2 protein chains.
Amino acid sequence: MSKRTEKTIVDIAEELQLSVSTVSRALNDHPNISARTKERVKKVAKKIGYRPNALAAGLRNNKSKTIGLIVPRISMFFPATISTIIQNKLQEFGYNLIICQSNDSYDQEVALANTLYSARVDGLVVSTTLYTTDFSHFDIFRNNNIPLVFFDRVPKDYNVKVIKGDDYRGGYVATTHLVEKGCKDIVHISGPLTCCLYSDRVAGYKAALQEHGLTSKKNRIFYQELTRENAWQTCEKIFGHQPYPDGIFASNDTTAITIVEYCRKMNLRVPEDVKIVGYSNDPRTEIVTPPISSIDQYPAMMGERVVAVLMELINGRQSAEPRYSQEIIPIQLIERQSSAGKSKTGKKKLTLS
Amino acid sequence: MSKRTEKTIVDIAEELQLSVSTVSRALNDHPNISARTKERVKKVAKKIGYRPNALAAGLRNNKSKTIGLIVPRISMFFPATISTIIQNKLQEFGYNLIICQSNDSYDQEVALANTLYSARVDGLVVSTTLYTTDFSHFDIFRNNNIPLVFFDRVPKDYNVKVIKGDDYRGGYVATTHLVEKGCKDIVHISGPLTCCLYSDRVAGYKAALQEHGLTSKKNRIFYQELTRENAWQTCEKIFGHQPYPDGIFASNDTTAITIVEYCRKMNLRVPEDVKIVGYSNDPRTEIVTPPISSIDQYPAMMGERVVAVLMELINGRQSAEPRYSQEIIPIQLIERQSSAGKSKTGKKKLTLS
DNA sequence: TAAATTAATGCAAACGTTTGCAATAATCCA
DNA sequence: TGGATTATTGCAAACGTTTGCATTAATTTA
C-alpha cells in the first residue's frame with residue numbers, strides 16, 4: 001500500500017498558520033472570511049494540490065451530493081436517453097449520478113436500493129423491473145424523507161412521486177390510428193401486465209376498439225417480455241393460421257421492428273397487408289424499411305421533469321409537498337409508412353437491384 | 001430539516017451492552033468474534049433497521065468501493081454496451097459505478113475527473129473525448145496510484161493501462177474487403193485525427209490500398225465528427241460530381257447508415273453502384289435495408305477486460321505491475337449485403353408493393 | 001489448581017470535514 | 001479616548017466507522 005499523501009485542509013492551515021475552520025470557510029466562500037485570507041488560502045490550496053474529500057464532507061453534512069438511478073437497462077433506447085438527460089441536468093446542479101441496472105431482476109433491484117442507501121445518496125430515481133409489485137425495498141427512502149422519484153415504469157399503489165407517460169392515451173391513439181387507416185382486426189402485443197404501463201396501454205387499446213365498434217378478443221392480445229426472440233415466435237403464432245390480422249400494435253419498437261422483418265421474410269406487405277405501430281419512437285424505427293409509425297414519449301421532457309421534481313424535493317419545503325403526486329407526460333403519434341393508407345405512400349415502389 | 005434518525009452501530013452497541021468495536025467486527029464477520037455475538041448483533045441490526053454508512057466507512061478506510069467511469073456518451077451503442085458490461089461485472093465484485101458523460105467536451109471531462117477524484121473513487125475508467133490531447137487532468141490519479149484504465153478512445157503518449165480495439169487492423173480489413181469485392185475507388189470517412197483510434201484506422205485503410213496497388217488520395221478521405229448531419233453533407237460533396245466512388249468505408253455505423261439512406265434517396269444502388277462498410281457492428285446495421293457490413297469490436301470482451309485489469313490493479317501488488325500496458329482486443333468483419341459481390345445476394349429482388 | 005495459552009471483547013484514536021459558539025481584532029461613533 | 005459595534009478568526013465537538021493494542025474471559029495443560 002503505497003503511502004497516499006493526500007493533502008488536507010490541515011496542511012493548508014499549517015502552511016498559513018491559520019485554523020482549519022478558517023481554511024474550511026475560506027474554501028467555501030463563507031462571508032465572514034476576509035477577501036485577503038480567502039485568496040491566500042485558495043492559492044496555497046492550488047499550490048499543494050489540495051483536493052477536497054467528498055466522503056468526509058458528506059459524512060459531516062449528512063449529504064453526498066450524489067443521486068442514485070436504478071433502471072432496467074441502460075442499453076435500451078428509452079431509459080438510455082432519459083439517463084443521459086438526467087445525468088447532464090444533474091451535473092448542472094452539482095450532483096453526481098450513480099447509474100445502476102437491475103437487468104430486470106427483482107433481486108438485483110432490491111440489492112441496489114440497499115447499496116444506494118448505504119452510499120447515502122441524496123435522492124433516488126427509479127424505473128422498476130417488469131416484475132416489481134412489492135415496493136417495500138424503497139421504504140427506507142420514504143421513511144427517512146430521502147427524495148424518491150419514479151418514472152416510466154412506476155409503482156401501483158405506492159405513495160411516491162411519479163412521472164409517467166400517458167400510456168392509456170398512447171394505446172388509444174395508436175389503435176385509433178390503425179382503425180382510421182382501415183384496420184378491422186388489430187392484434188396487440190403487450191408486455192407483462194405486472195407492469196402498469198402495459199396494462200394502461202392495453203386499456204387504451206380496448207377502449208379505442210370499442211369506441212369504433214370493434215370487439216377486442218382475448219386471443220388477439222399477447223403478453224410477453226418484449227424481446228426480439230419472443231416477437232418472432234409470436235409472429236409465427238399469429239401468422240401460423242388464417243385469418244391474418246390487418247393491423248398490429250406493438251408495445252415496443254423492438255417488437256415492431258421484428259414484425260416488419262418477419263413480414264418481409266414471409267412476403268407480407270407492410271402496410272398493404274398489415275399495418276404496424278410501435279412504441280417509444282426509437283430512432284431505429286426511422287431507418288428500417290418501411291419506416292415504422294410509433295408513439296413518441298418525449299424522453300427529454302420526462303428526464304427534465306424528473307430532475308426538476310427531484311430538486312424541488314431536495315431543496316424544498318418537504319413538509320408542504322405531498323409525498324405523492326403523479327405527473328403525466330404527453331405522447332405523440334409519429335406517422336410513418338408502416339401504417340400508411342393506400343392513397344398515400346402505399347403505392348410507392350421501393351426496389352433494390 | 002426533518003430529523004433523520006439514522007441508526008448506527010452505536011445504537012446496536014447500546015442495546016446489547018457491547019462496545020462499538022465488537023459490533024463493527026461482528027457485522028464484518030471478524031474471526032475474533034464469537035458466533036453467538038455475531039448472531040445477536042446481526043439480529044438487532046435487522047430489528048432496528050440499521051444501514052451501514054458507506055461514507056463513514058469510506059472515510060475511515062480511505063476507500064469508497066466505488067469506481068468512476070467517464071465516457072463521451074452513454075447513448076451511443078458502443079460505449080453503452082461496454083458501460084453495461086462494466087457495471088454488471090463490477091457489481092459482482094461489490095463495487096458501485098458512477099457513470100459520467102463528457103458529452104465530448106474537454107472541459108467537462110476535466111471537471112468530471114476532478115469531481116470523481118473528490119468522491120475518492122477507488123478506480124477510474126475512461127474513454128476520452130474526441131479532442132482530448134492533454135491528459136494532465138488524470139495526473140492526480142496516476143500520482144496517487146489510483147487504478148486508471150483507458151479503453152477504446154485511449155491516450156497517445158500517456159503512460160497508463162490501455163485496452164483498445166485493433167483499429168489498424170479494422171481499417172485494413174474493411175478496406176481489403178472492399179477491394180476484394182471489386183472496388184477501385186474507395187472513399188474513407190474518418191473521425192478527427194486527434195483521436196488515435198481514427199488515425200489508426202486511416203493507416204490501415206492506406207496500407208490496404210497500397211498493398212493492392214491502389215493509391216490513397218487526399219481528397220478521398222474526409223475528417224469530421226461522425227454525426228448524421230455531417231454524414232449527409234459529406235455524401236452531398238462526394239456525389240456532387242463525378243467520378244463517384246464504388247466503395248465507402250465509414251468509421252462508424254451512424255455514418256454508414258446515413259450513406260445508405262442517401263443512396264436510396266438518390267437512386268444509387270447499394271451494393272451494385274457503391275459498396276459500404278461501417279464500424280462497430282451497431283445492431284442498427286442489421287435492420288437497415290440493405291443490411292450493412294461492419295467491423296465488430298467485441299464490446300463485451302473489452303468491457304470484461306477493463307474490469308479484469310481494474311481489479312488486478314486494485315487488489316494487486318501495484319509495485320510489480322507496470323503502470324503502462326496496452327492490450328488489444330481483436331476485431332472481426334461482419335459481412336452483410338451492403339458490400340456483397342454481384343454473384344451472391346446482389347441480384348436479389350426486394351420489393352415493396 | 002495454578003500457570004500458560006487462546007478466545008473474545010473493549011478503549012481510544014483516527015479518517016477530513018463543517019459549524020455553533022467563543023474569542024479576538026478592527027472599526028466606528030460620540 | 002473609550003465604549004460599542006462589527007469583522008475576523010479559533011476551539012472543539014461531531015459525523016459513523018475501523019483497527020492496533022490492551023484487557024479480560026475462557027480454555028487448556030502440566
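In this text the structure is predicted, and so the values were computed from the model without any measurement. Per chain, numbering begins at 1; letters A, B, ... match sequence-line order.
For the pair A/R142 and A/F135, the cation does not sit on the ring face, since its NZ or CZ is not both under 6.0 Å from the ring centre and inside 45° of the axis.
For B/R25 and D/dA22, the CZ to P distance is 14 Å, given to the nearest whole Å. As rounded to whole Å, 20 Å separates atom P of C/dA23 from atom CG of A/L18. Residue B/D122 contributes atom CG, which lies 18 Å from atom P of C/dC15 at whole-angstrom precision. In this entry the distance linking CG of A/N28 with P of D/dT9 reads 15 Å, nearest Å. Following rounding to the nearest Å, A/E6 (CD) and C/dG16 (P) show an atom-to-atom distance of 7 Å. Per the geometry, OH belonging to B/Y117 stands 13 Å off C1' belonging to C/dG16, to the nearest Å. For the pair B/I9 CD1 and D/dT19 P, the interatomic distance rounds to 11 Å; values are reported in whole Å. Going from atom CZ of A/R60 over to atom C1' of D/dT17 covers 16 Å, rounded to whole Å.
At a threshold of 4.5 Å between non-hydrogen side-chain atoms, the residues A/L197 and A/D152 count as touching. Under the 4.5 Å side-chain criterion, counting only non-hydrogen atoms from C-beta, A/N96 is in contact with B/L116.
Among the protein residues, B/R51 comes within range of the sugar-phosphate backbone only, with heavy atoms under 4.0 Å from sugar or phosphate atoms but none that close to a base. Residue B/N53 is classed as a sugar-phosphate contact, given heavy-atom separations below 4.0 Å to backbone atoms only.
Under a 4.0 Å N-O distance rule, the pair B/K42/B/D29 qualifies as a salt bridge.
Formation of a donor-acceptor pair under 3.5 Å by the B/S83 side chain with backbone atoms of B/P79 is found in this model.
Taking the side chain of A/T8 as heavy atoms from C-beta on, and the options C/dT19, C/dG16, D/dT17, the nearest nucleotide is C/dG16. Considering only the side chain of B/S21, C/dG10 comes nearest among C/dG20, C/dG10, C/dC15.
Both B/T22 and A/P31 lie near DNA chain D, and the one whose nearest nucleotide falls closer to the 5' end is A/P31. Nearer the 5' end of DNA chain C, as judged by each residue's closest nucleotide, is the contact made by B/V23, out of B/V23 and B/A56.
Between A/S34 and D/dT9 there is a side-chain polar atom (N or O) within less than 4.0 angstrom of OP1 or OP2. Taking 4.0 angstrom as the limit, B/N61 places a side-chain polar atom (N or O) nearer than this to OP1 or OP2 of D/dT19.
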